[in-house]
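Notes follow the structure.
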Amino acid sequence: MLQAWPVADASRIDEAAVSDVTWIQEVVLEIRRIRAEMDIAPGVPLPILFDGGDASDRARQETNTTLLSSMARLESMQWLDGAEAPMCATALVGDLRVMIPLAGLIDKDAELARLDKEIAKLEKDIEIVGKKLGNEGFVARAPEAVVSKERAKIADAEVARDRLIGERAKIASM
């Protein structure tokens with residue numbers, strides 16, 4: 001209890017291993033994010049498509065296929081190699097596109113209704129923050145940190161709304 005806190009030996013850190021683990025974490029995180037956004041049950045095994053990326057992405061995927069499959073509950077992993085992708089939910093990990101084909105995984109009408117509800121909520125939030133920022137008294141009296149936080153909040157909400165509108169258009173065209 002009285003000993004000094006241990007100090008890491010920087011010479012023993014394997015940068016390649018750290019980079020590989022970070023890549024795995026990002027891929028799994030993006031797959032889980034898509035699952036959550038598309039309301040796909042966590043237990044449903046998913047087919048995954050990869051496109052783009054570089055040789056290191058392909059090597060990492062091939063080396064860690066079992067780990068990725070178990071951590072993200074994957075049915076299969078396939079590289080497109082320039083082939084046409086079906087209707088997919090897409091996430092980026094660096095230059096690598098991680099795609100989940102949506103056919104048969106989601107209830108189209110329920111997903112459209114959920115997206116409409118989320119878009120409406122974001123538009124309401126944008127309107128409220130926009131009114132606040134449109135009030136010259138608020139902008140003049142509030143600390144700059146608060147005003148910049150509100151501007152960031154409205155920018156984030158607009159980006160999220162635009163992304164959801166894009167997803168809604170994709171799903172509506174299925």
Side-chain angles (χ1 to χ4, degrees), residues 1-83 85-86 88-102 105-106 111 114-115 118 121-122 125-126 129 132-133 142-167 170:
M1 186 164 110
L2 299 175
Q3 293 294 318
W5 192 259
V7 178
D9 181 3
S11 67
R12 298 188 63 149
I13 296 174
D14 184 354
E15 292 299 330
V18 170
S19 177
D20 287 351
V21 169
T22 301
W23 182 87
I24 292 167
Q25 288 174 331
E26 290 174 0
V27 169
V28 171
L29 179 71
E30 291 301 327
I31 292 169
R32 289 178 180 175
R33 182 187 57 76
I34 291 171
R35 274 186 191 272
E37 286 178 358
M38 296 296 183
D39 201 25
I40 300 170
V44 175
L46 298 175
I48 298 294
L49 302 173
F50 295 110
D51 192 30
D54 56 21
S56 66
D57 290 323
R58 190 176 291 263
R60 287 174 175 152
Q61 183 269 323
E62 289 171 2
T63 304
N64 298 294
T65 298
T66 305
L67 184 61
L68 285 170
S69 292
S70 66
M71 290 181 72
R73 294 279 300 161
L74 302 180
E75 175 183 296
S76 65
M77 288 177 264
Q78 180 180 352
W79 287 84
L80 288 180
D81 294 325
C88 294
T90 304
L92 290 175
V93 176
D95 292 332
L96 177 68
R97 290 176 44 215
V98 179
M99 300 175 284
I100 299 175
L102 296 177
L105 289 176
I106 61 171
E111 185 63 18
R114 183 188 71 79
L115 288 173
E118 284 189 44
K121 179 183 177 293
L122 285 170
D125 292 346
I126 290 168
V129 176
K132 190 185 290 188
L133 290 174
E144 182 58 35
V146 172
V147 174
S148 63
K149 182 178 176 184
E150 292 298 316
R151 286 187 177 131
K153 188 186 300 185
I154 199 169
D156 291 344
E158 287 172 342
V159 167
R161 179 199 58 199
D162 293 344
R163 186 173 43 82
L164 289 178
I165 289 171
E167 286 181 25
K170 282 185 202 176

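No hydrogens, no waters, no symmetry mates; every other heavy atom, side chains included, goes into these values.
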Just by distance, do the side chain of [X] and the backbone of [Y] share a donor-acceptor pair under 3.5 Å?
X: Arg35; Y: Val44; answer: yes
X: Ser19; Y: Glu15; answer: no
X: Arg97; Y: Ala91; answer: no
X: Arg151; Y: Leu133; answer: no
X: Asp162; Y: Val159; answer: no

- request: Determine whether more than 12 heavy atoms belonging to other residues, nucleotides or ligands lie under 6.0 Å from atom CG of Asp95.
  value: no

Closest heavy-atom pair and its distance - [X], [Y]:
X: Pro101; Y: Pro47; value: CD-O, 3.3 Å
X: Ile34; Y: Thr90; value: CD1-C, 4.1 Å
X: Ala145; Y: Ser148; value: O-OG, 3.0 Å
X: Pro86; Y: Leu49; value: CD-CD1, 3.7 Å
X: Pro45; Y: Leu74; value: CB-C, 4.4 Å
X: Met99; Y: Phe50; value: CE-C, 4.3 Å

Could you measure the distance from the [atom1] atom of [X] to the [atom2] atom of [Y]? Nearest 0.5 Å is fine.
X: Asp51; Y: Leu92; atom1: CG; atom2: CG; result: 10.5 Å
X: Leu67; Y: Ile24; atom1: CG; atom2: CD1; result: 5.0 Å
X: Thr63; Y: Gln61; atom1: OG1; atom2: CD; result: 8.5 Å
X: Ile48; Y: Ile31; atom1: CD1; atom2: CD1; result: 4.0 Å
X: Glu26; Y: Arg33; atom1: CD; atom2: CZ; result: 12.0 Å
X: Met71; Y: Leu29; atom1: CE; atom2: CG; result: 10.0 Å

- request: Output yes when Arg161 and Glu158 qualify as a salt bridge under the 4.0 Å nitrogen-oxygen rule, no when they do not.
  value: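 Result for this pair is no, no salt bridge flagged.
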
query: Is Lys153 paired with Glu150 through a side-chain N to carboxylate O contact shorter than 4.0 Å?
result: yes

